[in-house]
Amino acid sequence: MRVLVADDSRVMRQIVIRTLRQAGYDWWEITEASDGAAALELLPSVQPDLVLSDWNMPEVSGIEFLQRLRAGGNQVRFGFVTSESTDAMRATAEQAGALFLIGKPFTADTFAEVLNGALV
Amino acid sequence: MTIIDTTVFAGSDPIEAIAQDVFTAMVDGEEGHLLPWLGERPEPVVPVHAWVDVRGPVSGRILLTTERATAQALTRALLAIPADEPVEAADMVDALGEVANVVGGNIKSLVPEGGVLTLPQVESVRPEVAPGQLLHDVAFGWRGQLLVISLLSTETGSGR
């Protein structure tokens, strides 16, 4: 399982990766991207099975990243991990083709619950 | 001016509740390390400030202020850096900014009018706060060290 984690905060990328391991996904092969633009560049070489992306990032935001993916025909499974989780954002994310939105702060239990449901 | 719907917190302080949730889940992994500050607040000796702004129908700033040493301890906790290893300045800026970002994002989620959350900024100099701009602040002791979270208005006419 190849996973691309996009977040402009290195600290948050480390927390996401640590939480994935705590949630039982320690076998996942994880690649980090420092924002949406970097993630778009890495996509062809990484060929991820899942993308976990922050929403609020410089250069290319998370929602722009997702919209560009879908506009290019890429249907990779995509979820947001973001500090805002309003109903409006969830609706926007779903409309753009995201599977889920995990609000920060999160726990390993949150990750396990959401990912187990989304990756069936 | 109503900025936050406090009814969802059953009358308790929403900033206190959000900050404690953030520290429990993200920093400490358990409850009880971020507590209301009791008594007088000492002036920070070597302060560091992190903030995010909300821009939209309602504009405001969520500002987090603490001692640099406390910010470094927070960074150690977030990145699991051993006590005998130094904390890089860039990591401290990233860590404190991310705490401000998560606290700010959760506070913004309570604003019915919505808006855009800016990227976090971290500085050693406190951003200017004019009279009338400070709406609310909460002082915490994180593992005994002072940490203040302030809610500021950045509406035109509020002093900024």
Side-chain angles (χ1 to χ4, degrees), chain A residues 5-23 26 32-38 52-65 80-93 95 101-114, chain B residues 5 8 17-31 34 50 52-56 62 71-72 74-81 87-88 90-122:
Chain A
V5 175
D7 198 307
D8 57 315
S9 165
R10 185 178 89 83
V11 168
M12 187 50 70
R13 293 198 302 272
Q14 293 307 304
I15 293 171
V16 168
I17 293 166
R18 189 169 68 215
T19 306
L20 284 171
R21 290 184 182 132
Q22 289 167 347
D26 47 352
E32 299 177 48
S34 59
D35 61 27
L52 297 175
S53 177
D54 187 17
W55 187 295
N56 196 15
M57 297 185 286
E59 304 298 333
V60 176
S61 71
I63 193 69
E64 289 168 338
F65 171 31
F80 285 105
V81 182
T82 178
S83 62
E84 302 173 68
S85 54
T86 62
D87 290 344
M89 288 179 72
R90 287 180 188 278
T92 302
Q95 193 174 25
L101 187 152
I102 296 173
K104 301 172 188 172
F106 46 74
T107 63
D109 288 345
T110 311
F111 265 47
E113 184 183 339
V114 173
Chain B
D5 178 9
V8 296
I18 286 170
Q20 287 179 330
D21 279 353
V22 170
F23 274 69
T24 296
M26 200 167 115
V27 180
D28 297 308
E30 59 185 17
E31 294 180 358
L34 187 77
V52 290
D53 288 348
V54 178
R55 293 180 184 154
I62 296 96
Q72 288 172 332
L74 259 174
T75 309
R76 284 187 190 284
L78 284 165
L79 284 174
I81 299 172
V87 173
E88 300 289 335
D91 283 342
M92 188 206 71
V93 166
D94 186 5
L96 198 65
E98 199 54 25
V99 173
N101 181 45
V102 177
V103 171
N106 279 268
I107 291 173
K108 177 189 168 285
S109 298
L110 303 177
V111 179
E113 292 86 352
V116 176
L117 192 70
T118 65
L119 296 171
Q121 294 188 65
V122 180

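In what follows, chains carry the letters A, B, and so on, assigned in the order in which the sequence lines appear, proteins first and then strands, with residues in each chain numbered from 1. Just so you know, these numbers come straight off a predicted model, no measurement behind them.
Atom-to-atom distance recorded for B/K108:NZ and A/S83:OG is 8.5 Å, nearest 0.5 angstrom.
Contact count versus chain A (heavy atoms, under 4.5 Å) is highest, among B/V27, B/V116, B/L78, B/V22, for B/L78.
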Quick one, A/M12 with B/V102, criterion side chain to side chain contact (heavy atoms under 4.5 Å, CB included). Give me CA distance, side-chain angles, the key distance, then yes/no. CA-CA 10 Å; A/M12 187 50 70; B/V102 177; 4.1 Å; yes
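Nearest heavy atom pair, residue B/T118 against residue A/N56, reads O-ND2, 3.4 Å. Nearest heavy atoms, A/E84 versus B/L117: OE2-CB, 3.4 Å. Heavy-atom minimum distance, B/M26 versus A/I15: CG-CD1, 4.0 Å.
Considering only heavy atoms from C-beta on, B/L79 comes within 4.5 Å of A/R10 through its side chain. Side-chain contact check for A/P105 versus B/T24: every heavy-atom pair is 4.5 Å or farther apart. A heavy-atom distance below 4.5 Å is not found between the side chains of B/N101 and A/S9.
In this structure, the side chain of B/N106 engages the main chain of A/K104 through a donor-acceptor pair within 3.5 Å.
B/A90 does not touch chain A: none of its heavy atoms, backbone or side chain, sits under 4.5 Å away. Heavy-atom distances place no part of B/T75 under 4.5 Å from chain A, backbone and side chain included.
The 12-atom threshold is not exceeded at CG of A/D87, counting heavy atoms of other residues, nucleotides or ligands nearer than 6.0 Å. Counting non-hydrogen atoms of neighbouring residues, nucleotides and ligands closer than 6.0 angstrom, the CZ atom of A/R90 exceeds 12 such neighbours.
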